[in-house]
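In what follows, a single structure is set out as structure tokens and then discussed.
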Amino acid sequence: MPELAEVEHYRRRWAVAVGERVERVFLNAEKRVFRGVDTAALVTGLAGERMVEARAHGKQMYYRFGERQWLGVHLGMTGKLFCVEPEAAGEKHDHLRLVLDSGRVLVFQDSRMFGRVLYAACEGLPEWLQGLPPEVLSDAFTFEQMDAFLDCRAGAPIKAVLLMQGVFPGVGNWMADEILWRARVAPMVPAGRIGRRKRREIFACLQAVCRDAMRVIAPDWSRPPEDWLFNHRWRDGGICPRTGRALRRESIGGRTTCWSPAWQCYRG
DNA sequence: CTATTTGTTTATCC
DNA sequence: AGGATAAACAAATA
């Protein structure tokens, strides 16, 4: 489920441990979420260290312990982070558990295991945090950059382009649909066929959807207002809140896409 | 039983 | 070469 704002929500669930020390680490090294990770080094490296930083960049979260212990978490499709009381029972898909000095436990749970854990012990940023693109809500994310990228991916449907994490970090399936719905652009339109004026609208809607999602979802996972596409998109028979007509669901760019044909009339 | 899934990586085809 | 697309990953849910 996790896109930009859901990731931020989960980041905060572990951020309650900032200032606390890790007493012990439990994990099952065989699980796919640890693919490529030196789990033995992770277990010994984090033990005794204090969490000093809890951050997210797009869908990639990372926590720093002490001066040189870095733990990365990506939630994939079904990953979750939470903090439980000492007496809480473990659950089936708990893959990583950090027991704090207070007794509370930070848990990473992921049933489908498309998520992953990363680990590094180094002075500066680990290589997997270097060269990240500007975050979509930062000043460094500019229209000119988006404009150039749409030309670079001119043949791909705009829906697929918005999902590319190298330029739109954090944008996921429902956010891409929400953006195109607000901008009134049909999702299968090739990016290169979108004119400059409409690109300006897409840019503004992109920022607005990210900002709104952060405000509504990140603090407590509130249900978005009914005038978002969000509440209508999941089930068959959904109705467009703007037109009152049926939403359509089809596969575009390899992903299930929900859109409102009468409303999203821009075809480039 | 089958079909579906809010993500990413790898393979394959142009 | 490089962009576009499909497949694979895995388990829960309908």
How many whole angstroms separate atom [atom1] of [X] from atom [atom2] of [N]?
{"X": "K92(A)", "N": "dT13(C)", "atom1": "NZ", "atom2": "C1'", "result": "13 Å"}
{"X": "L150(A)", "N": "dG3(C)", "atom1": "CG", "atom2": "P", "result": "14 Å"}
{"X": "D236(A)", "N": "dA3(B)", "atom1": "CG", "atom2": "C1'", "result": "11 Å"}
{"X": "D151(A)", "N": "dG2(C)", "atom1": "CG", "atom2": "C1'", "result": "16 Å"}
{"X": "D177(A)", "N": "dT5(B)", "atom1": "CG", "atom2": "C1'", "result": "14 Å"}
{"X": "F149(A)", "N": "dA4(C)", "atom1": "CZ", "atom2": "C1'", "result": "12 Å"}

The nucleotide from dA12(C), dT5(B), dG3(C) with an atom nearest the side chain of R153(A) is dG3(C)
Can you give each donor-acceptor pair under 3.5 Å made by side-chain atoms of residues 237-245 of chain A, sequence neighbours left out, with the distance rounded to 0.1 Å?
unit_1: T243(A); atom_1: OG1; unit_2: R245(A); atom_2: N; d: 3.1

Selection residues 241-262 of chain A - residue pairs positive for ring pair (Phe, Tyr, Trp, His ring centres under 6.0 Å), sequence neighbours left out = none
Does anything in residues 74-93 of chain A pair up under ring pair (Phe, Tyr, Trp, His ring centres under 6.0 Å), and if so which pairs, sequence neighbours excluded?
-> none
Taking the C1' atom of each, how far is dA4(C) from dT6(B), in whole Å?
-> 23 Å
For nucleotides dC1(B) and dC9(C), find the distance between their C1' atoms and express it as a whole number of Å.
-> 22 Å
Can you check each nucleotide of nucleotides 6-11 of chain B against protein heavy atoms at under 4.0 Å and return B for base, S for sugar-phosphate only, - for none, in 5' to 3' order?
-> BBB---
Is a side-chain donor-acceptor pair under 3.5 Å present for Q69(A) with Y119(A)?
-> yes
W221(A) side chain to E6(A) backbone, donor-acceptor under 3.5 Å = no
If you look at every strand shown and take non-hydrogen atoms under 4.0 Å, does K31(A) touch a base, only sugar-phosphate, or nothing?
-> nothing
At under 4.0 Å between heavy atoms, what does P190(A) touch on the DNA or RNA strands: base, sugar-phosphate, or nothing?
-> nothing
Ring pair (Phe, Tyr, Trp, His ring centres under 6.0 Å) involving F143(A) - partner list, sequence neighbours excluded = F203(A)
Donor-acceptor contacts under 3.5 Å from residues 15-26 of chain A side chains, at least two apart:
unit_1: E20(A); atom_1: OE1; unit_2: S102(A); atom_2: OG; d: 2.7
unit_1: E20(A); atom_1: OE2; unit_2: R104(A); atom_2: NH2; d: 2.9
unit_1: R21(A); atom_1: NH1; unit_2: G48(A); atom_2: O; d: 3.3

With pairs defined as Watson-Crick or G-U wobble and both distances under 3.5 angstrom, please note down DNA chain B as a dot-bracket string, | for pairing with another strand.
-> .||||.||||||||
Any residue meeting salt bridge (charged side-chain N to carboxylate O under 4.0 Å, His left out) with E201(A), in chain and number order, not counting sequence neighbours = K198(A)
Any salt bridge (charged side-chain N to carboxylate O under 4.0 Å, His left out) pairs touching residues 143-156 of chain A, not counting sequence neighbours?
-> D147(A)-R196(A), D147(A)-R199(A), D151(A)-R199(A)
